[in-house]
Amino acid sequence: MSETLDKKTIFQRIGKNVLKRLKRIGEFLGKLWKHPKGRIGLIVVTILVILAVFAPWIAPYDPYDVTQRAAKGLPPSWQHPLGTTITTGQDILSMLIYGTRVSLLIGVSTGIILAFLGAIMGIMAGYIGGFVDSAIMRVVDVMLVIPTLPLIIVLTGLFGRNYFVIVFVFVAFGWTGLARVVRSLVLVLKNSNYVKAAELAGASRWHIMMRHILPGTSHLLIMNTALTSAGIMVAEAGLSFLGLGDPTAISWGKMLADAQGGGALLFGAWWWIIAPGLGIFFAVFGFMRIGIVMEEIFNPRMKASSGIYKLFKNLNNQYVEEVFASMDERKLLTGDVKPEPAESG
Amino acid sequence: MKKSFVIKRILYAVFIFFVVLTLNFFIPRIGIDDPAERYYPPQGGMSDIEYEIIKQITREQYGFHVSTWQQYLNYLEDLSQFNLGVSLRSGSPRVSALIGERLPWTLVLSVTTLIISLFIGVLIGTVAAWKRGRWQDTLLLNASTISVALPAFFIALMLSFYLGFELELFPAYTNPNMVAQFDWSWEAIRVVANNAALPVISMAIGGIVGYGQNTRNSVIAVTNEDFILTARAKGLKQNTILYKHTLRNAMLPIVTSLGMSISGLIGGAIIIEQIFNWSGMGTLFLEANSTGDYPLMMGIMLFLSTFAIIANLVTELFYVVLDPRVTVGEKR
Amino acid sequence: MSENENRDRPIIDMRNVSVDFPVKGPIPFMPKKKVRAVTDVSLTIDYGETFGIVGESGCGKSTLANAMIGMVKPTAGDVLFKDVDLFKLKRKEFKRIRRDMQMIFQDPYSSLNPRFNVYQLISEPMFIRGGVSDEDMKARVVELLELVGLSDDDLYRHPSDFSGGQRQRIGIARAISLNPDFLVCDEPVSALDVSVHAQILNLLVEIQSKLKLTYVFISHNLAVVKNVCDNMIVMYLGKVMESGSAESIFRNPKHPYTHALLSAVLDVDIENRKERVVLKGDIPSPIDPPKGCRFWKRCPFAMTGCKDKPAELLDIEPNHAVACHLVNDVFTDAEKDAGLNQPIEDHAEGLLGTHGKK
Amino acid sequence: MNDNMLTMRNLKVVFPSNAGMIRAVEGIDLDIRKGECVAVVGESGCGKSVTSLAVMKLLNSPPALMRVDELRLDDEELKDYSETKMQSIRGQHISIIFQDAMTALNPVMTVGRQVDEMFLRHNDISKKEARKRTLEALELVGVPEAKSRANNFPHQLSGGMRQRVLIAMAFACMPKLIIADEPTTALDVTIQAQVLEVLRGMQQKHDVSLMLITHDLSVVSNVADTVYVMYSGKIVEKASVRDLFKTPHHPYSYGLLASVPKLSDTKHQFVQIPDSVPHPLRKPSGCYFHPRCRYATEQCKKEMPPLERFDNGREVRCYHPLNVTDTELQS
């Protein structure tokens with residue numbers, strides 16, 4: 001690009017780009033909405049986000065209130081839709097709503113940071129190649145054999161149990177899988193003829209990276225963000241369950257741990273276990289669905305293979321016979337049945 | 001070509017091993033001058049002089065009194081004699097002895113889980129692929145989304161609640177005497193099986209669905225390959241095509257994941273072992289973590305990493321046997 | 001296009017160019033093998049001519065073309081483009097001069113970024129060069145579209161909406177958007193349907209005469225080359241077997257390999273078909289090419305001497321050279337006495353087959 | 001007793017899709033006499049490969065739907081045969097040679113075992129005997145050192161050798177009909193010549209019928225006796241090779257022949273057919289070729305011309321056939 005661009009045009013360009021991106025996101029959400037499975041995911045995630053943001057207004061009780069002695073161990077009722085805890089009488093629904101905050105925050109933020117780190121590492125390895133590539137791939141191989149959960153436990157022990165450390169550790173050890181996938185995709189893109197054509201036209205590495213390589217991997221990154229967010233939510237819950245999460249926050253994993261420790265199993269307080277489990281389930285389910293639907297949208301081959309069976313089930317026999325009949329030589333000759341242009345079945 | 005490939009893989013595994021053990025050596029030393037402080041954190045009611053003496057003892061006991069470089073060399077020397085160090089527990093048991101005690105119990109869980117999930121998973125995956133688009137397939141697809149969204153530890157809690165406490169079909173907590181009283185009698189084995197049922201089921205559900213889904217996708221991918229069409233054009237019977245052509249090729253990617261999954265199972269069993277109070281490596285690790293027993297924790301970590309490296313190497317070499325196309329470091 | 005160039009000098013001058021690719025060994029620090037993609041090729045291409053490179057897969061024709069446009073660095077030899085050594089230029093200079101050369105790819109499906117629309121595809125080279133306003137760019141793209149036989153309705157459609165032939169037209173438009181004067185056409189029609197071959201070939205010829213382009217035309221089909229090219233080389237395993245003007249090569253093909261390629265061309269005159277030359281054996285791997293004449297293992301006329309003595313390209317008439325011991329009669333009397341010009345025993349037998357109908 | 005090896009009447013194949021019905025093959029008749037080599041020529045998407053699979057009833061449903069009025073191999077009517085019955089026909093009486101031997105052979109099985117399978121399936125013989133026959137079959141198609149080659153995996157062989165293995169496999173049980181689906185397209189020109197020679201030689205030696213699917217007219221001219229030209233799912237012309245190359249009647253056949261570069265051409269001139277093959281979902285009305293045909297009239301735009309039969313056995317689907325001689329017009 002030439003240096004003569006003044007500030008105004010640069011701003012215009014950036015503005016244009018931002019608008020374009022927003023439009024893309026809008027289009028994309030529309031696509032998700034149109035897909036029956038995507039719609040469920042979108043609804044679930046939207047509800048969770050609303051719960052997380054407006055938790056103090058939505059939650060009927062203060063989840064931190066441990067002084068309700070009279071309300072200990074109540075089964076679900078109109079007052080306490082999901083019952084209360086046996087030990088302290090906290091309202092489980094309120095805890096569940098507050099727990100959304102932790103899960104979403106950890107899950108989504110880790111997912112996004114991971115996508116960035118994985119993309120950077122994968123693209124560097126694939127596009128620059130050579131020494132950078134082998135260095136990154138060696139690191140990936142080492143990380144692959146170190147058992148993740150024990151390592152996370154050790155590191156949270158070393159650095160303290162707050163969510164910054166937890167996110168950091170998840171990111172530091174989660175990028176390898178994505179980096180591998182991105183790398184192999186970048187290798188394919190890098191050797192494609194359209195990149196060669198751009199190189200021939202004098203394109204800089206930057207241009208090729210921004211116009212060809214990055215857009216080519218973007219679908220993978222978006223999809224991965226949704227799927228890893230779901231995975232991280234499970235991992236966070238597991239960590240909290242082991243009592244290794246942030247001890248001051250209410251999280252679903254910690255609720256489960258409290259339930260187990262507080263004797264929910266023993267005293268038959270099933271609601272205390274089921275509630276956080278449902279929370280985890282819906283959160284992970286929503287994000288997974290979005291991720292899977294994205295994969296279907298971006299990878300139409302998979303859709304085609306499953307769609308064709310549905311299509312065949314709903315095939316109109318009469319229509320099929322008409323199509324076959326329309327091909328008959330005799331009828332074409334007399335000209336009363338024309339081979340009508342094919343329409344959707 | 002094959003031979004040099006094997007040599008290359010072994011050399012590479014050794015390299016990874018060295019990186020891992022070096023990391024392992026340095027992790028407890030992160031951000032601290034004196035590892036003795038990490039091994040014996042100051043406790044309440046202890047005067048500075050007392051603490052200083054304890055630290056001095058700790059240093060000498062764990063060899064921190066020499067330079068870091070010398071410590072590293074000593075560490076390597078110990079490792080060469082399969083000595084993973086000494087635990088901080090009373091009586092200073094050797095880490096390797098502690099691991100050796102617990103390992104079989106973890107293997108019981110993870111190997112059983114792996115076998116069950118692989119066997120059932122491949123079976124239902126193949127059926128789903130065969131009945132593509134029908135209810136069997138849809139069922140597997142939905143089961144897989146649901147099971148991923150349900151973490152194993154939640155399943156474990158539910159199982160222990162319902163099958164353990166409510167129906168009392170299986171013990172909800174592992175019988176504490178199971179390990180001590182084990183004597184290879186049929187009765188003892190029955191007790192172990194009975195106690196292992198719930199942990200194995202809760203871990204296997206995810207595995208079955210995972211392997212099922214992978215097998216399904218893999219079988220479908222292979223079914224679409226040209227050589228299956230050739231096999232059909234040869235007039236081969238459907239069973240021959242399935243066993244000799246489809247499954248053999250479809251299993252390749254699953255074999256590759258096998259090595260990783262067994263080491264992953266051992267490491268991932270921590271939560272399940274904790275829920276059922278199963279005295280395996282997972283609980284050992286959590287015990288070590290709660291007492292700050294770093295030598296033990298790092299010993300377990302190193303053991304698990306080495307296990308993973310070897311498992312990886314074995315699957316890679318096994319893969320060469322299965323897939324003749326693999327020659328120089330290229331994998332399909 | 002710079003104006004101060006001397007059009008009497010060749011646009012491309014390759015001197016003893018060799019290209020080897022190292023093959024990654026299984027174990028580090030072991031001696032590495034190499035693919036000898038191109039060995040000792042010299043050629044010149046004049047302004048405005050069409051230069052054909054013919055050969056089968058693995059003969060190094062694409063590598064050679066890539067070396068001409070600076071995409072592959074030769075292991076030995078010089079490549080002069082407009083009297084400038086491409087590989088001695090600074091990065092910026094190199095980029096500038098390379099805008100004068102473009103390429104048309106074989107597969108129009110993989111050479112167009114599926115995410116771009118036609119406008120983005122064709123304007124990309126101009127966008128990269130910069131300094132062109134959006135309006136000018138659009139006008140130029142519309143002009144180019146017209147030139148290659150597409151309409152401006154197609155401006156915002158994506159490659160997937162087009163047939164193979166139309167995609168190749170887009171590829172051509174992109175290649176000429178910067179006004180290059182040197183264009184490499186790497187098998188431009190072989191991925192397309194038979195009935196559109198002629199369209200694309202005619203389009204290329206038309207554009208060449210309109211824009212005064214120099215073409216390098218890579219193909220395995222001799223008939224195409226004959227009808228398009230002025231000069232040509234026939235390559236086998238990285239070496240030139242026969243070179244010269246297309247006219248003289250087709251009038252008087254000398255090399256046995258050229259004969260074999262010729263007989264693979266469609267002969268519509270079904271009544272009087274010629275004998276078809278069928279070579280025996282496979283194309284050897286370029287990793288360890290045969291010593292001596294690279295073709296001797298498959299040559300129906302191979303002599304004992306061909307095994308060890310490399311065949312050199314020698315002129316047999318003005319602007320027509322052949323690398324063949326038999327044609328050039330290179331053996332000295334002493335060598336002949338040693339039996340080097342005798343056919344290899346049990347070799348020629350069955351090598352030459354006929355393929356006509358009885 | 002008829003002398004037709006394959007008689008196919010009114011084959012139709014459609015692929016339902018979300019965007020509409022893809023009409024791949026629209027009612028074609030095919031006759032292959034004993035010992036004859038019939039070529040089906042057409043460009044991508046004309047339905048020629050679908051036809052070849054349909055003959056063996058190898059089309060999967062889904063995605064394909066197939067109808068045929070008559071599908072007779074020798075004296076056997078295959079139309080209503082079940083899948084199990086077809087399995088014993090395939091390989092034994094009809095076999096097929098695919099285009100890309102690299103993907104058509106199982107990558108993790110030695111080529112020898114893949115040929116063995118053919119013998120073991122259709123003959124009641126021991127494994128040892130099967131291997132013996134495999135080696136013979138491989139030698140017959142010119143695989144050198146067959147014994148060691150048989151123990152190689154497909155990726156260890158060259159393209160030409162792999163294609164020979166496919167040919168050996170197809171001829172293994174001496175079937176009545178062999179279908180060769182673009183048997184040389186993936187190969188280099190000099191290797192193509194070898195493989196074609198092997199194929200032609202085997203076919204003449206064993207006197208089997210050959211159905212050759214190709215887009216390459218030079219292959220047709222070298223191997224085939226009779227040619228069917230397909231366009232967009234319909235047969236537009238049927239003629240002997242000699243007749244077709246000398247006097248193509250359909251403008252498409254003419255264009256196809258003329259547009260292929262030939263050595264006899266003068267410089268810088270290629271006869272071209274405008275436009276490209278119609279998308280299978282957007283076939284034009286009337287004659288499918290009319291948008292590309294310079295002789296098209298109003299009639300061609302409205303009605304699909306019938307496949308007209310001449311006395312000398314030629315057939316053409318065109319209202320304005322080219323080069324029709326007086327003797328042919330008498331019909």
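Lettering follows sequence order; numbering is per chain, from 1.
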Checking heavy-atom separations under 4.5 Å from chain C, one finds in residues 208-215 of chain A A:R211, A:H212, A:P215

Applying a strict 4.5 Å limit to non-hydrogen atoms, the region of C:M71 in contact with chain A is side chain

Count the heavy atoms of every other residue, nucleotide or ligand shown that sit under 6.0 Å from CZ of A:F116, and state whether that count exceeds 12. no

Spacing of CG belonging to A:N193 relative to CG belonging to C:N113, to within rounding of 0.5 Å: 12.0 Å

Is there a donor-acceptor pair under 3.5 Å between the side chain of C:R98 and the backbone N or O of A:E199? yes

With chain A as the partner, which of C:S110, C:P125, C:S177, C:P114 has the greatest number of non-hydrogen pairs under 4.5 Å? C:S110

Is chain A contacted by the side chain of C:D134, its backbone, both, or neither, given a heavy-atom distance below 4.5 Å? side chain

So for C:F116, is it side chain, backbone, both, or neither that comes closer than 4.5 Å to the heavy atoms of chain A? side chain

Could you check whether any side-chain heavy atom of A:K196 comes within less than 4.5 Å of a side-chain heavy atom of C:N66, counting everything from C-beta outward? yes

About how many Å separate NZ of C:K95 and CG of A:L200, when rounded to the nearest 0.5 Å? 12.0 Å

Between the OG atom in A:S192 and the CG atom in C:D107, the distance rounded to the nearest 0.5 Å is 11.0 Å

For C:R115 versus A:G216, what's the shortest heavy-atom pair and its separation? NE-CA, 3.7 Å

